[in-house]
Amino acid sequence: MTRIARLTLALMLTAAPATVHAQAVQPWANRALSPEARAELLVRAMTQDEKLLIVHGHHVPHPRTFDGVAVVAQAGYVPGIARLGIPALYESDASLGVANQVEQRKGDTATALPSGLATAASFDPQIAYAGGAMAGAEARAKTFNVLLAGGVNLTRDPLNGRNFEYLGEDPLLSGTIGGASIAGVQSNHIVSTIKHLALNAQETGRHILDARLGEAALRESDLLAFEIAIEKGHPGSVMCGYNQVNGDFDCESHFLLTDVLRRDWGYKGWVMSDWGAVHSTVKAALAGLDQQSGQELDSAIFFGAPLAAAIKDGRVPQARLDEMVRRTLTGMIANGLMDDPVPTSPAAIDYAAHAQIAQRAAEAGMVLLKNDRQMLPFAKTARTIVLIGGHADVGVMSGGGSSQVRSVGGVPVELMPPAGSEPAGFARITWHNSSPLAAIRAAAPGAKVTYVDGTDPQVAAAAARDADLAIVFAWQWQTEAADVETMALPQGQDALVSAVAAVNPRTLVVLETGGPVTMPWLGQVPAVLEAWYPGQRGGEAIARVLFGDVNPGGRLPITFPVSAAQTPRPTVVSMDLLHAADAKRAAGDKSAGGSGQVPPFAVDYVEGANAGYRWYAARGTKPLFPFGYGLGYTQFRYTDLKLDSGSALNVSFTVTNTGTRAGADVPQVYVEAGSATTPRALRLGGWSRLTLQPGEARRVSVDVEPRVIATYDAPGHRWSRAAGRYPVVVSHFAGDRALAGEANLTAQTLRP
Ligand code: BGC
């Protein structure tokens, strides 16, 4: 008998009689069985009505009672089955903390993490895990057991309104950071979703657009991010997106939901739809959708009575319904929803400790873009500091949409999105209560620190003229349900920066943006810090970076082009149609449908797998700031490259802190790969984030992700790599060649 078998037997013999009895009555309660086996036992015990009950759920924008169960406002609710011990699903959005858009639950605040891009900029899976674990703990204490977190859609356009929620443009980075965050959420015995499978890469027309990308390119880019995140995070659930991919809606795509997810990746949890993303019963069920979410937002309860009828007349096999239920229960059981249910009423939360987690994430993700003449860190002896704009007297900006957290401490500024626009329905332009002014005053107690709102550039310039330091806080709001129209900062902020920089050469710009913006004033200012949407402790994090308590180690997870003209799609596809529909609606013409419902159109992702930095490299264009870029208050040198290659590739080298301060660095390994169908490009194959003391040197070893150095062979249904010599570079950022070599790799094929 093996040790495990002996242990199991001993546990069974010593188990309390009540447990043994419960298992006899409810055999699925037996934790020694696999989640799938337990789910199957449950399926066998369920009536047809019970099965049909859990394959569709509600959208709950206001508190409601369902069959005597009072449910607070939340993204979704799926009833449970008490007689079998199946818990209801209480679903909250949570890309950046437990969301509470437009304060649906009055007074219910939560800890707001920085934006997804900020977390990705840390290049640190531990930061992502800690943020996920924190959000999951708060969700659990608030009695939610499913978090609609885990957005890993790759950035293909800097204008996409949801870039801030996601994790950048590289599949390995997005997958690694996304997987860590999901694992963190689920460490609380609740489910995290991963979303939105797949190619939900722009918001304009998201409900109808057809995203076109060939299979090989899709597998090597967006799908690779999902694949890696699923392997690392094991999410209980996958959410299919709104858009179509190559002619099929995501939630009706047999290719995505069955061929790729089930057959190739062996995924065992359940597929839930996005809210309002279901268009059919039979096609969706046969494609592999397991649960219709937020049914009130669809045109019908497709997985209710119509599904029952389709099963009855054989259009959908009974076995398919059983499978839908089994997968849902598998995802739930595997994550402890039955064995360790969430509390039935809210529990206490250590918000002070959680604020520290949000602050660490913000600090780790800030990217210092420019620092001429070592303007930063500021000496704490500065006597006069003027802060300008961005509501920096009271807070830091938050992104909008379903991810929006009503943060602890409240919302000092809250504005409405344009009337009639889709975001107006469920997003607000808000600032978290984390005052850079207060934090900078605390950091530099000897200084006179003042604030002007920046609405008048001349007033701002006059205030800044004689200051030791001027800091302009510039912002750009991004939200779900709308793309940004231009990469330019809104509301005359470019002119504001120029006016201040013209009178004070010691002007720093702190950016609170969802993603890349244009910087026509870059040559006029000595220093720029990208703080992203820095979350609920963003003000404190900014102050600590500016004064050198934290040495910034964030690196761009997304290229900053000079302008949108450098990108594959300089304008958002069909933005003009959206505007026409909005105008009709504003004029009271109901036939225009909801905002965002423009006539069907396609987006051709001509860059293929080579999104982001690979696109700029292929075109030979030089972006404003490359992917992977970021400065700090010290410097790092890379030496002694060693390539250990054969069937696998290990890259090792020495990193030395050559400066005078301790700091974090993110050396990056890129390998050139490609095939006849995918143009060769340097692809991020791995990285390491490490902190070194001044003068300290450390050997770094990076195992290159094998799928990054392979190409997807669609007809052969496999990853394949030809034998040969593969250029390898160790870089400070994409395009840099600090160390270069060539790896000799054998041929390899891998299962998809
Ligand atoms: C978003 C999802 C979100 C869902 C529920 C949708 O509009 O696309 O990301 O989880 O709403 O709020």
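Numbering of ligands and ligand atoms starts at 1, following listing order.
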Undergrad: Could you list the atoms of ligand 1 found under 4.0 angstrom from a heavy atom of Leu148?
TA: 5 (C), 10 (O)

Undergrad: Is Lys283 atom NZ crowded by more than 12 heavy atoms from other residues, nucleotides or ligands, each under 6.0 Å away?
TA: yes

Undergrad: Any ion pair linking Asp290 and Arg320 (charged N to carboxylate O, less than 4.0 Å)?
TA: yes

Undergrad: Would you mind checking which non-hydrogen protein atom is closest to atom 6 (C) of ligand 1, with the distance to 0.1 Å?
TA: Asp274 OD1, 3.0 Å

Undergrad: Please confirm whether Met239 approaches ligand 1 to less than 4.0 Å, judged on its heavy atoms.
TA: yes

Undergrad: Using 4.0 Å as the upper bound for N to carboxylate O, is an ion pair formed by Lys51 and Glu323?
TA: no

Undergrad: Can you name the atoms of ligand 1, numbered from 1 with element, that are less than 4.0 Å from a heavy atom of Lys195?
TA: 2 (C), 3 (C), 9 (O), 10 (O)

Undergrad: For ligand 1, is there an atom lying under 4.0 Å from some heavy atom of Tyr242?
TA: yes

Undergrad: Does this structure show an ion pair linking Asp93 with Lys195, if we count only N-O contacts that are shorter than 4.0 Å?
TA: yes

Undergrad: What atoms of ligand 1 come closer than 4.0 angstrom to any heavy atom of Arg162?
TA: 1 (C), 2 (C), 8 (O), 9 (O)

Undergrad: With the side chain counted from C-beta on, respond yes when Glu252 and Val245 share a heavy-atom pair under 4.5 Å apart, and no when they do not.
TA: no

Undergrad: Decide whether an N or O pair under 3.5 Å exists between Asp93 and ligand 1.
TA: yes

Undergrad: Quick check: does Trp275 get an N/O under 3.5 Å from an N/O on ligand 1?
TA: no

Undergrad: For Arg206, state whether at least one heavy atom is located under 4.0 Å from any atom of ligand 1.
TA: yes

Undergrad: Would you check if the side chain of His234 reaches a backbone N or O of Glu231 as a donor-acceptor pair within less than 3.5 Å?
TA: yes

Undergrad: Assess whether a salt bridge exists between Arg406 and Asp108, defined as any Lys/Arg side-chain N lying under 4.0 Å from an Asp/Glu carboxylate O.
TA: no

Undergrad: What do you reckon, does Glu165 put a non-hydrogen atom under 4.0 Å from ligand 1?
TA: no

